[in-house]
Structure formats: C-alpha cells, structure tokens
Chemist: 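One structure is given below, represented as structure tokens, and several questions about it will come after.
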There are 2 protein chains.
Amino acid sequence: MATVNPHESTERAAPGAARLRVAVPSVATRVASELRLQIAEGALPPGTKLKEEALSEELGVSRNTVREAFAELASERLVVRQPNRGVFVASLEASDIHDVYTVRRAIEVSAVRGGGSAESIAAVRAAVEEGKRAAEAGDSERLGSANQHFHGALVAMAGSERLDIIMSQVLAEMRLFFHKASIDGGFYQDYLSENEQICTALEAGEYERAAERLLAYLDRSEEHQTAVHSS
Amino acid sequence: MATVNPHESTERAAPGAARLRVAVPSVATRVASELRLQIAEGALPPGTKLKEEALSEELGVSRNTVREAFAELASERLVVRQPNRGVFVASLEASDIHDVYTVRRAIEVSAVRGGGSAESIAAVRAAVEEGKRAAEAGDSERLGSANQHFHGALVAMAGSERLDIIMSQVLAEMRLFFHKASIDGGFYQDYLSENEQICTALEAGEYERAAERLLAYLDRSEEHQTAVHSS
DNA sequence: ATTGTTGAATTGTTGAACATTCCCGCGGAA
DNA sequence: TTCCGCGGGAATGTTCAACAATTCAACAAT
C-alpha cells in the first residue's frame, strides 16, 4: 500500500503561480481518503479487518491518526466499528440494498420533481453524454462512473449542500458491491437510454414525467442489484 | 459542567442482577453525548469555541478522546472544524435553514407518500396525542419534543434505518436555532391541528393527501423559521 | 497607516505506556 | 467425547507527555 504523501494530490500548483492556498487536508483526512479509495477499488473487500497498528506502520502515521481516519469512514458507513473487536470494511446485506434504494428514491425523486436551474440540467446532460462516449469506447469503468455522475447531477438540481453530501455517501456505499455487479459486462448499457429519456424530459421542463421514469428506473435497478447479490 | 461518569446512565443495574451487558458506549461516545446535550439545551450557544484542553480537564478525559468526540459531532454537523483554529458550535445561516428544509421535504414527503405499516402509523398517532397533552399542560418544551417525535415517526414509516438516521441528525441541527424560535410561546400550537389532520389522512390510507398537507406544512414552517431568524 | 516581527496559545501529530476486552486453545470434569 | 472454565496472547480503548505547525494579537519599524 502506498504511503500517504502530502503532495500526491491531483491538483498541482503551477510553478510560480501562487494560487491562493486553502486548508491543506490533515493527515487523518488523507489517510481516510487513501482508505476510501482502496475500498472503492475493491482492494479492501467487504469484511476485511483493518488493524490499527498494521495500518499505522504501513502508512507511516501514528495509531491515533489512523483512529481519527476510522472515525471519519465510520461516519460514512464505509467501515463498521465493533467495540473492542476492531473496524471492518462494511458489507451490505440484502436489507441494506433495499435501505439504500429507499434513500435514493427519496432524495433523487424529490430533487427531480422540484426541477432545477438551466445549468444544473446542463450538468445532467453532460453526464448522459459522458456515459454515451464511455459506452462507445467500451470503457465499462468510466460508464459506471458516468452513471454515478448522472445521479449525482439529478440530486444537485435541488441545490442543497446537505442532499449532495448524503447522495455522495450513498453512492460511495453502493460502490461497495458494484465491482461485484459490474463484472457482467454491459450492465449499465440497458440504463443508458433510460438516462437519455429522463434527461430529455428534464430539458423539456416535464419534471413530473422525469420523476416517474426515474422512480421506475430505481425500482428496476434495485431488483437487479438484489438478484445479482443474492446469487 | 458535569464530568462524564460511566455509571451516571439512566439505566441502573439492579444489585446482584447480572443483566446481559451490551456494548457500553465508549468514553468518546459519552463525551459526544454530553456535548450534544449541552448544545441542544443551549448551554453551548452557536459559535462557541470548544477548546480541547479545557474540555479534557473539565470532563476528566484525555485530549485524544475529546478529539474523537469532536469527530463524531462534526460528522453530524453540530460542530464545525476550522483547521488549526479549533471547533465551534455550528450556527445556521438563512441558507442553511432552506437547506435543512429541502432535506426534510425530500425524506418526510417521500416516506409519507410511500405509506407505512399499521404500527408505524400508530406511532404517528401517539406523537400527535403526546403533543395534545403537552399543549393542555402548557408544557412548551414537551410540545416541541412531541413535534419532533411526530416528524420522526413520519420518516419511520419508510422503515429505513438510513433515513431514520438522516432525519435524527436533521432534527438535531434544527434544535440549534429552536430555542431562539421557541421563545415566542405558543409557537407550535398552530401546527397541532395540522399534525392531527395529517395523521387522520394517514389512518384513512390517503397517503397522497397527507403528503400534500405535509408539504404545505413544511413550506409554512420554513417561512416562519426564516422570519424569526432574520429578525 | 501599513507592514514585519515576535511570542504566547492552540491545534495537529507522534510515540509509548497501561487497562480492558476478546479470542483461542488447553486441560479438567461430567 | 463433550462441555465448561481458565489462562495467555493479541488487539483495541484510553491516557499521558512531548514536539511541530499554525494562528492570533500585540508591538515595533518604516
């Protein structure tokens, strides 16, 4: 596992161009980000036990810092703490899948019904196009990513910081069992046209119709996920 | 401020009766609970700076433990962390009020539209009756509490653990500015009959009608809160 | 009045120690 | 054999003390 490096960030300061620097993330935050990434990529499959001492050595940080990172991840439900037993990468049961989709139905449908600004709908369109390009290129990883962008953009229509955060956490939770589901290639393909139609309805201002289609979409998706997961 | 005592819990072990012991909350969790309480009661008004060393002395715990408690509260948005500057009791701006109500509209309305089991609706009824009794007794504190129970019960209809947690956090956030709003006595009184009617609609299975009334209720409540807060 | 500089106070992080709890295997008793 | 209790090792929970890094306010200098 790579050590946590303060300068490995994707954004890199142009030489000499002193862009205004805001809040360098703390070490604990960077550790949390690293673990979040490894979990999302499947390098740390659900159920994996995360030992404090081992991680603190591997990442070159103290045990206390690792603990702070655990607290952050636990609040996002990516790991679960079992008192005096340790923290484990979260694994979703069948009931969790239904639960997650219940949250998605609530906030996504609500956001779509409420409509949004022209820019926010343009962002939805952008995600749809991103999905199309990924499908043409046969890049299933980017296709999945685009699909998440699509649903994130739907929620962003509401313009609520809190809803955005909730949605991002829900999407992070879904990644926990997506690499299992995405093994059957062309999984998202069925949904591409559905996304297109929802987006078209939004652009036409037909929010209620878009919401109905989205609801049907989510129901089918839950069904699919449940089927894949129970096998 | 009271020290955090392992045995000050409301439930007290009967002497000799070795009840099955379930997960005693960790010290950090108890510290977080204590702070949560003080914030809800207004003993720590919004904007108050929470110093690690002072708190660790006052509560008789180590600084690291206080930090873990801070992490918990920060994830609930009850406090905000400013890197290298400290943590402060959160204070809600006008935009936050709208944001919070956006979340409430999403999850409460969704839960009501989806209907619920007979027991879950009975819980809603119980909250309504609790509010009536509190109103008769003139106990405005219990009236406010009953109102929160009412809305919590609405969300519980969905039977989603995650929605319940989100709602409880939103309600906790609302308590941040409620003691300001609740100063004008009889604030909730207007809403009592509204709750009653929503509940009646639910009992009749008219979920859509209940949802419409709830939506109107939330819009009016937001308006009220915004007015009170901007003054 | 604006700009450095200094220094105290606070947070961020570390490392080590101790207490507590859990887990697992081992031996004794029914 | 099977069950029960009993260590002992390992991991977590918590504390403590120290140091680095940052902020902030007061003060000095231009």
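The structure presented is a predicted model; accordingly, all values stated were derived computationally and were not measured.
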Chemist: Partner of C/dA29 by Watson-Crick or G-U wobble geometry, both contacts under 3.5 Å, or none?
Modeler: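 Pair assignment: C/dA29 / D/dT2.
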
Chemist: Search all heavy atoms of A/Leu143 against all heavy atoms of A/Ala134 and return the closest pair with its distance.
Modeler: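 Smallest interatomic distance, heavy atoms only, reads N-CB, 3.7 Å.
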
Chemist: Just the rounded figure in Å: distance from C1' of D/dT23 to CG of B/Asn84.
Modeler: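 Whole-Å distance recorded here is 7 Å.
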
Chemist: Strictly distance-based, threshold 3.5 Å: is any side-chain N or O of A/Ser145 a donor or acceptor partner for the main-chain N or O of A/Glu141?
Modeler: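 It does not hold such a pair.
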
Chemist: Please, which pairs that meet salt bridge (Lys or Arg N to Asp or Glu O under 4.0 Å) have at least one residue in residues 88-97 of chain A, sequence neighbours excluded?
Modeler: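 Listed by first then second residue: A/Asp96-B/Arg162.
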
Chemist: Below 6.0 angstrom between ring centroids: does that apply to A/Tyr217 and A/His151?
Modeler: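 Between A/His151 and A/Tyr217, which both carry aromatic rings, the centre distance is below 6.0 Å.
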
Chemist: Rounded to whole angstroms, how far apart are NZ on B/Lys51 and P on C/dG12?
Modeler: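 After rounding, the gap between these two atoms is 15 Å.
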
Chemist: Given atom CD of A/Glu53 and atom P of D/dT12, what is their separation to the nearest angstrom?
Modeler: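 Value for this atom pair: 8 Å.
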
Chemist: Write down the distance between CZ (A/Arg81) and C1' (C/dT21), rounded to a whole number of angstrom.
Modeler: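 Atom-to-atom, A/Arg81 to C/dT21, this comes out as 15 Å.
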
Chemist: Below 3.5 Å is the cut-off: list the nitrogen or oxygen pairs between protein and nucleotides 14-16 of chain D, distance only.
Modeler:
{"from": "D/dT14", "atom 1": "OP1", "to": "B/Val27", "atom 2": "N", "distance (Å)": "2.6"}
{"from": "D/dT14", "atom 1": "O4", "to": "A/Arg63", "atom 2": "NH2", "distance (Å)": "2.9"}
{"from": "D/dT15", "atom 1": "OP2", "to": "B/Ser62", "atom 2": "N", "distance (Å)": "3.1"}
{"from": "D/dT15", "atom 1": "OP2", "to": "B/Ser62", "atom 2": "OG", "distance (Å)": "3.2"}
{"from": "D/dT15", "atom 1": "OP2", "to": "B/Thr65", "atom 2": "OG1", "distance (Å)": "2.3"}
{"from": "D/dC16", "atom 1": "N4", "to": "B/Asn64", "atom 2": "ND2", "distance (Å)": "2.7"}

Chemist: Can you check the A/Phe70 CZ to D/dA11 P distance for me, whole Å?
Modeler: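 In whole Å, D/dA11 P and A/Phe70 CZ are 13 Å from each other.
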
Chemist: Can you give each donor-acceptor pair under 3.5 Å made by side-chain atoms of residues 39-50 of chain A, sequence neighbours left out, with the distance rounded to 0.1 Å?
Modeler:
{"from": "A/Thr48", "atom 1": "OG1", "to": "A/Pro45", "atom 2": "O", "distance (Å)": "2.5"}
{"from": "A/Lys49", "atom 1": "NZ", "to": "A/Arg85", "atom 2": "O", "distance (Å)": "3.1"}

Chemist: Under a 3.5 Å cut-off for both distances, is D/dA28 Watson-Crick or wobble paired, and to whom?
Modeler: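 Across all strands, the one nucleotide that pairs with D/dA28 is C/dT3.
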
Chemist: Nearest to the side chain of A/Lys49, which nucleotide is it out of D/dA11, C/dC22, C/dT10?
Modeler: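 Out of D/dA11, C/dC22, C/dT10, the nucleotide with an atom closest to A/Lys49's side chain is D/dA11.
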
Chemist: A/Ile121 and A/Met157: which non-hydrogen atoms are nearest, and at how many Å?
Modeler: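 Taking A/Ile121 first and A/Met157 second, the nearest heavy atoms are CG1-CE, 4.3 Å.
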
